[in-house]
Amino acid sequence: MPHATALPATGHRPRWWTELPLIAVVYALYSVGRLLVRGDVSTAVDHGLAILRFEQALYLNAETPLNRLFTSTPAIGIPADFAYATLHYLVTPAILVWMFRRRSAAYRAARVWLMNSTLLGLVGFTLLPTCPPRLLDASHGFVDTMAQYSAYGWWGEGASAPRGLSGMTNQYAAMPSLHVGWSLWCGILLWRHGRHPLLRAAGIAYPLITTVVVMGTANHYFLDAVAGAAVMGAGALLTRPVIRLADRIKGRLRAALATVRTASEPVKSPIVSGGCKTSAGERIPGQRTSSADSPDASADGPAAPRGAAADAAGPGAGPGGAGPGGAATDARAGAPADDDAPAAAR
């Protein structure tokens with residue numbers, strides 16, 4: 001699967017406080033949806049028998065000899081039951097965290113791929129409820145190893161569900177096998193992004209071992225495993241379109257929020273003074289002239305000091321303003337002063 005092994009690098013570094021709630025919500029929706037899409041038991045049994053007959057016609061029913069081996073050999077059957085009940089809960093989140101911390105450029109595409117495939121698997125459970133081999137009539141030769149070895153684990157007769165909680169799981173969601181699908185997702189990521197040879201070897205071994213386990217414990221048919229791989233392939237093909245759609249929706253939401261924010265902000269005045277006007281007697285707003293200044297005085301220029309005017313009149317100038325040898329004029333009549341006039345008049 002070239003689309004799966006060459007995940008697009010988004011260049012976006014994820015944030016754990018947004019990723020963790022998103023993954024929790026999607027898994028909760030998957031779990032609740034898987035529980036709610038229970039089909040009719042007789043229909044699920046008919047689908048299971050049809051798959052079994054089809055495999056037998058093509059000599060593909062490898063689950064029958066594997067189940068006999070697991071049932072007759074506790075050293076194989078018990079570890080296989082533990083692997084079926086625990087590994088997909090441990091390895092899948094561990095690979096997701098590893099991608100988040102060490103391969104952040106490819107993390108978003110890996111997460112979208114996993115979510116796509118999981119939702120497609122939910123569609124498969126809804127459209128094709130299937131009875132697993134362990135729930136078929138004993139005449140078909142299958143033994144429920146989980147029930148046989150339940151004394152060694154926490155599970156009861158409800159597959160990997162804890163004792164007493166078998167009613168909280170959908171036991172007829174066998175097609176497709178997401179145990180195989182998720183293990184294939186883990187294996188491809190380990191092969192693609194693992195740098196140590198052991199990691200890459202684990203990427204090959206883990207999905208193969210999971211496929212053998214789900215058939216040997218009689219939880220899935222071989223065609224369930226094939227369908228699980230097909231679901232992962234379809235999820236990988238949808239990864240790029242889903243990322244582009246999500247980015248487009250985010251862009252539109254951000255543009256809408258920016259428009260609302262801009263519309264709610266007050267309109268600022270384009271005038272530099274901010275709407276202030278210059279009042280009468282002001283040159284600049286806030287800087288008033290003295291009350292002694294007048295337009296006429298400002299036009300004639302600054303007035304000379306009193307002492308300077310006296311000096312300009314020359315030495316010996318009297319109160320009348322006449323210099324030596326000059327004729328004094330009467331300020332009111334303009335007539336020359338008479339020497340014979342009384343002193344008081346002078």
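With a 4.5 Å cut-off on side-chain heavy atoms, Gln171 and Arg134 count as touching. Leu136 is listed as a side-chain neighbour of Leu52, based on a closest heavy-atom distance under 4.5 Å. Side-chain contact between Pro129 and Asp40 is absent, with no heavy-atom pair separated by less than 4.5 Å. Side-chain contact between Arg111 and Glu19 is present, with heavy atoms from C-beta onward closer than 4.5 Å. Counting heavy atoms from C-beta on, the side chains of Thr130 and Tyr221 come closer than 4.5 Å.
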Subject >> Residues Tyr84, His220; criterion side-chain contact (heavy atoms from CB on, under 4.5 Å); working and verdict >> reply: CA-CA 11 Å; Tyr84 181 84; His220 290 282; 3.8 Å; yes
**OP:** Determine, step by step, whether His179 and Asn219 satisfy the side-chain contact (heavy atoms from CB on, under 4.5 Å) criterion, reporting the C-alpha distance in whole Å, the side-chain angles of both residues, the deciding distance to 0.1 Å, and the verdict.
**Re:** CA-CA 10 Å; His179 274 75; Asn219 279 286; over 6 Å; no
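The shortest non-hydrogen separation linking Gly121 to Pro176 is O-CD, 3.8 Å. When all heavy atoms of Leu122 and Thr126 are compared, the pair lying nearest together is O-OG1, 2.9 Å. The minimum heavy-atom distance linking Trp182 with Thr92 is given by the pair CB-OG1, 3.9 Å. When all heavy atoms are compared, the tightest approach of Ala80 to Val213 is O-CG1, 3.4 Å. Contact record, Ala202 with Pro207: O-CD, 4.3 Å, taken as the closest heavy-atom pair. In plain terms, the two heavy atoms of Leu178 and Ser117 that are nearest each other are CD2-O, 4.2 Å.
No side-chain donor-acceptor contact under 3.5 Å links Asp46 to the backbone of Thr43. Of the possible donor and acceptor atoms, one in the side chain of Tyr149 sits under 3.5 Å from a partner among the backbone N and O of Thr71. No donor-acceptor distance shorter than 3.5 angstrom exists from the side chain of Asp144 to the backbone of Ala218, with no hydrogens or angles considered. Distance alone, capped at 3.5 Å, places no donor-acceptor pair between the His140 side chain and the Phe142 backbone. Between the side chain of Ser72 and the main chain of Leu69, a donor-acceptor pair closer than 3.5 Å is present.
Taking CG from Leu223 and CD from Glu55, the interatomic distance works out to 4.0 Å, rounded to the nearest 0.5 Å. Note that CZ of Phe70 is 8.5 Å distant from CE of Met215, once rounded to the nearest 0.5 Å. One distance of note links OH of Tyr206 with OG1 of Thr211; it measures 10.0 Å at 0.5 Å rounding. Within the model, atoms CG of Leu199 and CH2 of Trp98 stand 6.0 Å from one another, a figure rounded to the nearest 0.5 Å. In this structure, CG on Leu189 lies 9.0 Å from CG on Leu114, to the nearest 0.5 angstrom. The structure places CG of Asp224 at 5.0 Å from CD1 of Ile51, a figure rounded to the nearest 0.5 Å.
Across Leu120, Leu245, Ile243, Val112, a single residue satisfies side-chain contact (heavy atoms from CB on, under 4.5 Å) together with Leu238, and that is Leu120.
Hydrophobic clustering, with ILVMFWY side chains joined whenever heavy atoms are under 4.5 angstrom apart, keeps Val143 apart from Ile76.
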